[in-house]
Amino acid sequence: MNIRRGTPADVPRALQIWRVAVDATHGFLTPEDRAEIDAMVQAWLPTVELWLVEDAQGLAVGFLVMDGNLIDALFVDPAVHGQGYGTALLNHALTLAPDAVVDASEQADNALAFYEARGFVRTGRSETDPQGRPYPLIHLRYRG
């Protein structure tokens with residue numbers, strides 16, 4: 001398992017990972033919202049610093065985006081869920097920001113359990129996502 005900084009050439013693979021991960025864990029999104037968010041992510045990914053985790057063959061299977069101490073995105077291909085790739089990315093995030101915070105979708109089947117099992121505690125809740133859509137977020141911080 002290797003974690004490396006992404007390049008512009010990695011953006012299409014990160015978008016592919018995002019799409020399959022969201023489709024597997026965010027079934028609550030309306031088709032319209034899913035399409036709108038997809039367009040936002042397509043425009044956003046080329047503008048951020050990506051961190052990728054690769055499998056033994058060198059294929060990127062997950063990615064991380066940090067914004068200061070905020071874990072802005074952490075997604076892993078569902079084909080390899082449960083194999084430690086998400087934890088490796090999270091551990092990398094904590095080396096970059098030991099006081100990390102994250103917003104996790106309350107409706108996603110795996111996000112809250114993932115973060116809470118790894119030392120994050122709830123600090124609040126928002127009724128909507130940042131764009132005002134009716135998708136509640138749980139705010140968490142690493143308790144260290």
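Here Val101 sits in one hydrophobic cluster together with Leu70; the rule is ILVMFWY side chains under 4.5 Å apart, joined directly or through other members. The hydrophobic cluster containing Leu137, built from Ile/Leu/Val/Met/Phe/Trp/Tyr side-chain heavy atoms closer than 4.5 Å, comprises no other residue.
Residues Ala100 and Ile71 approach most closely at CB-CD1, 4.1 Å, considering heavy atoms. Smallest separation of non-hydrogen atoms from Ile17 and Phe75: CG2-O, 3.8 Å. Contact between Ala104 and Leu140 at its shortest, heavy atoms only, is CB-CD1, 3.8 Å. What you find for Met66 and Ala93 is that their closest heavy atoms are SD-CB, 3.6 Å.
With sequence neighbours excluded, the residues satisfying salt bridge (Lys or Arg N to Asp or Glu O under 4.0 Å) with Arg5 are Glu49.
The aromatic rings of Tyr115 and Phe120 lie perpendicular to each other, with more than 60° between the two planes, well past the 30° mark.
Residues Ile37 and Leu45 fall within the same hydrophobic cluster, defined by Ile, Leu, Val, Met, Phe, Trp and Tyr side chains chained together at heavy-atom separations under 4.5 Å. Each of Leu74 and Leu15 belongs to its own hydrophobic cluster when Ile, Leu, Val, Met, Phe, Trp and Tyr are linked at side-chain heavy-atom distances under 4.5 angstrom. Note on Trp18: it does not cluster hydrophobically with Met40, by side-chain heavy-atom contacts below 4.5 Å among ILVMFWY residues. Under the 4.5 Å side-chain heavy-atom criterion for ILVMFWY residues, no single connected hydrophobic cluster contains both Val53 and Val20.
Donor-acceptor pairing under 3.5 Å is lacking for the side chains of Asn69 and Tyr142. In summary, the side chains of Gln16 and Arg13 do present a donor paired with an acceptor at a separation below 3.5 Å, with no hydrogens or angles considered. Ser126 and His139 form a side-chain donor-acceptor contact under 3.5 Å, judged by distance and modelled atom types alone.
Taken to the nearest 0.5 Å, the CD1 atom of Ile3 stands 8.0 Å off from the CG atom of Leu64. Atom-to-atom distance recorded for Asn2:CG and Glu54:CD is 5.0 Å, nearest 0.5 angstrom. Atom CZ of Phe63 and atom CH2 of Trp51 lie 15.0 Å apart (nearest 0.5 Å). Atoms NE2 and CZ, on His26 and Arg34 in that order, are 10.0 Å from each other to the nearest 0.5 Å. Here Asn110 contributes atom CG and His81 contributes atom NE2; the two are 5.5 Å apart, rounded to the nearest 0.5 Å.
Val61 pairs with exactly one of Leu52, Val80, Leu89 by the side-chain contact (heavy atoms from CB on, under 4.5 Å) rule, that one being Val80. Considering Val121, Asp99, Thr123 in turn, Val121 is the only one that fulfils the side-chain contact (heavy atoms from CB on, under 4.5 Å) rule with Arg143.
For Arg125 and Glu127, the salt-bridge test passes: some basic side-chain N is under 4.0 Å from an acidic carboxylate O.
Judged purely by atom type and a 3.5 angstrom limit, Thr47 uses its side chain to pair as donor or acceptor with the backbone of Trp44. Here the side chain of Asp10 pairs a donor or acceptor atom with the backbone of Thr7 at under 3.5 angstrom.
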Margin query: Before you tell me yes or no, could you show the steps for Arg19 and Asp23 under salt bridge (charged side-chain N to carboxylate O under 4.0 Å, His left out), namely the whole-Å CA-CA distance, both residues' side-chain angles and the distance that decides it to 0.1 Å?
Written below: CA-CA 6 Å; Arg19 286 175 172 154; Asp23 289 347; over 6 Å; no
